[in-house]
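When a ligand or atom number is given, it counts from 1 through the structure's own listing order. We use all heavy atoms of the structure for the numbers below, so side chains are in, but hydrogens, waters and symmetry mates are not.
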Amino acid sequence: MAERTLIIIKPDGIQRLLAGRIISRLEERGFKLVAAKFTHISEELAKKLYKVHSDKPFLKGLVKFISSSPSLVMVWEADGIIEIVRKMMGATFGCEAEAGTIRGDLSCGKRYNLIHGSDSPESARYEISVFFGPDEIVDYELTNAHWIYGVND
Ligand code: UDP
Ligand code: MG
């Protein structure tokens, strides 16, 4: 099975009506959508998602932001997707993100940076389990996969 990652279009992405643009970039890269949930993330779930940041001074503000309005929580699949998406997202702060990246093209602040993407296979497994049970992840063939990855011959 190809690698999976948790991608969230954060409240600013939904409110700024950028969800379609962001999803298009993921589709255009050839990734496969395997789960999606449009949901208002509770403070409790936001704290669980950002468990690695529990000691950070920005946690409180981050949790407030993430639980302030709905988000689109998704699982996407592709070979090497975690690293590719991190590159596509750009640096954490929009004001520092390279032009050409999602954050660098569409945001310019610090906390409000449109998108979350897992940063390692372990975080991906954990973060996916925060939002989705195994039955909620849809297993299917992307019929054009060989046009994306090429044929092994
Ligand atoms: N964040 C913040 N202040 C900071 C650092 C991060 O508000 O000083 C927020 C920002 O929204 C970021 C999230 O916390 O996306 C998680 O931080 P992380 O360092 O994991 O960045 P990411 O993996 O999202 O690039
Ligand atoms: Mg992170």
Novice: Suppose the criterion is ring pair (Phe, Tyr, Trp, His ring centres under 6.0 Å): which pairs have a residue in residues 69-126, not counting sequence neighbours?
Specialist: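 For residues 69-126: Y50-H116, F65-Y112.
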Novice: Give a yes-or-no answer on whether the side chains of S69 and Q15 include a donor-acceptor pair shorter than 3.5 Å.
Specialist: yes
Novice: Taking salt bridge (charged side-chain N to carboxylate O under 4.0 Å, His left out) as the definition, give me every residue that meets it alongside D105, ordered by chain and number, with sequence neighbours left out.
Specialist: R25
Novice: So, using salt bridge (charged side-chain N to carboxylate O under 4.0 Å, His left out) as the criterion, who are the partners of K32 when residues are at least two apart?
Specialist: E77
Novice: Exactly which residues line ligand 1, taking a heavy atom under 4.0 Å from it as the test?
Specialist: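 Those residues closer than 4.0 Å to ligand 1 by some heavy atom are K10, Y50, H53, F58, L62, R86, T92, F93, R103, R111, N113.
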Novice: Report yes or no: does H40 contribute a side-chain atom to a donor-acceptor pair with the main-chain N or O of S67 at less than 3.5 Å?
Specialist: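 Yes, H40 side chain to S67 backbone: donor-acceptor pair under 3.5 Å.
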Novice: Determine whether V52 and L62 fall in the same hydrophobic cluster, where Ile, Leu, Val, Met, Phe, Trp and Tyr are linked whenever their side-chain heavy atoms lie under 4.5 Å apart.
Specialist: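 No, V52 and L62 fall in different hydrophobic clusters.
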